[in-house]
Visitor: 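Shown below is the structure under consideration.
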Amino acid sequence: MTALFCSGDAMRGGRLHHNVSAHPFRGAVRTAPHYRMYSVRDEFPALVEDPSGGVPLAGEIYDVPLSAIRTDFLPDEPPELELTVIELDDGRDVLAVGLRPGVLERQAGELTDITGHGGWRSYRGLPEPA
């Protein structure tokens, strides 16, 4: 099993939650405070590491086999995102999806910095699941 950080529609209540819902939910977590989050065309969020700043961003952790990440999770991810490793606020390193290098520069007009909202649910005005 591999710890997978979800920060968009794969979280509980999201339209892609079925991609991780069969695997153990390990709780709500936050990234370390050196990430920014962008909304891409207002369709999905994208994490970007920013060593000069950022905030802890909300997400969820699931224990998922690597094979399921390959077959169930990644096929639904948009081409602007790639599998990466991020740091959580408790110091753990986990898998996540982040913005591919160069997308921020090439598609700047399609990206909105939503870092100040603290996460995708907050930005979208969605309640936290019970």
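Here, residue 1 is the first one in the sequence, and each next residue gets the next number. Only this structure's heavy atoms are used, side chains among them; waters, hydrogens and symmetry mates stay out.
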Visitor: Is Leu47 close to Val97 at the side-chain level, that is, under 4.5 Å between some pair of heavy atoms?
Guide: no
Visitor: Would you please test Asp89 and Arg30 for salt bridge (charged side-chain N to carboxylate O under 4.0 Å, His left out) and show each step?
Guide: CA-CA 6 Å; Asp89 65 352; Arg30 294 195 174 275; 5.7 Å; no
Visitor: Find out whether Glu49 and Glu87 are in side-chain contact, i.e. whether some heavy atom of one side chain is under 4.5 Å from a heavy atom of the other.
Guide: no
Visitor: Grab the two heavy atoms, one from Ala46 and one from Val40, that are nearest each other, plus how far apart they are.
Guide: CB-CG2, 4.0 Å
Visitor: Among the clusters formed by ILVMFWY side chains lying less than 4.5 Å apart, do Tyr123 and Tyr35 turn up in the same one?
Guide: yes
Visitor: Val64 versus Phe73: any side-chain heavy-atom pair under 4.5 Å?
Guide: no
Visitor: Side chains of His18 and Asp76, heavy atoms from C-beta outward: is any pair under 4.5 Å?
Guide: yes
Visitor: I need the minimum non-hydrogen distance between Pro24 and Met1, along with the two atoms involved.
Guide: CD-CE, 4.0 Å
Visitor: Please answer whether the main-chain N or O of Glu110 pairs with a side-chain N or O of Tyr38 as donor and acceptor at a distance below 3.5 Å.
Guide: no
Visitor: Heavy-atom distance under 4.5 Å between the side chains of Leu66 and Leu95, does that happen here?
Guide: yes
Visitor: State, with a plain yes or no, whether a side-chain heavy atom of Val94 is found less than 4.5 Å away from one of Tyr62.
Guide: no
Visitor: How close do Met37 and Asp113 get, heavy atom to heavy atom, and via which atoms?
Guide: O-OD1, 3.4 Å
Visitor: Hey, is the main chain of Pro45 close enough, under 3.5 Å, to the side chain of Ser39 for a donor-acceptor pair?
Guide: no
Visitor: Between Arg124 and Gly119 (side chain of the first, backbone of the second, donor and acceptor by atom type, cut-off under 3.5 Å), is there such a pair?
Guide: no
Visitor: Report the C-alpha distance between His17 and Phe25 in whole Å, list the side-chain angles of each, state the deciding distance to 0.1 Å, and finish with yes or no for ring pair (Phe, Tyr, Trp, His ring centres under 6.0 Å).
Guide: CA-CA 11 Å; His17 183 63; Phe25 171 65; 8.0 Å; no
Visitor: If Ile, Leu, Val, Met, Phe, Trp and Tyr residues are connected whenever their side-chain heavy atoms lie under 4.5 Å apart, and connections chain through other members, are Ile114 and Leu111 in the same group?
Guide: no
Visitor: Quick one: OG1 on Thr115 to CZ on Arg36, what's the gap to the nearest 0.5 Å?
Guide: 4.0 Å
Visitor: Within this structure, what is the CE-CD1 distance for the pair Met11 and Ile61, rounded to the nearest 0.5 Å?
Guide: 11.5 Å
Visitor: May I have the list of side-chain donor-acceptor pairs in residues 77-86 shorter than 3.5 Å, sequence neighbours left out?
Guide:
| from | atom 1 | to | atom 2 | distance (Å) |
| --- | --- | --- | --- | --- |
| Glu80 | OE2 | Arg41 | NH1 | 2.8 |
| Glu80 | OE2 | Arg41 | NH2 | 3.0 |
| Glu82 | OE1 | Arg100 | NH1 | 3.4 |

Visitor: Is any side-chain heavy atom of Cys6 closer than 4.5 Å to one of Arg12?
Guide: no
Visitor: Does any part of the side chain of Trp120, heavy atoms only, come nearer than 4.5 Å to the side chain of Asp9, both counted from C-beta?
Guide: yes
Visitor: Indicate if Leu4 and Val29 have the same hydrophobic cluster label, given that clusters are the connected sets of ILVMFWY residues with side-chain heavy-atom separations under 4.5 angstrom.
Guide: no
Visitor: Please confirm whether the backbone N or O of Leu57 pairs with a side-chain atom of Thr31, one donor and one acceptor, at under 3.5 Å?
Guide: yes
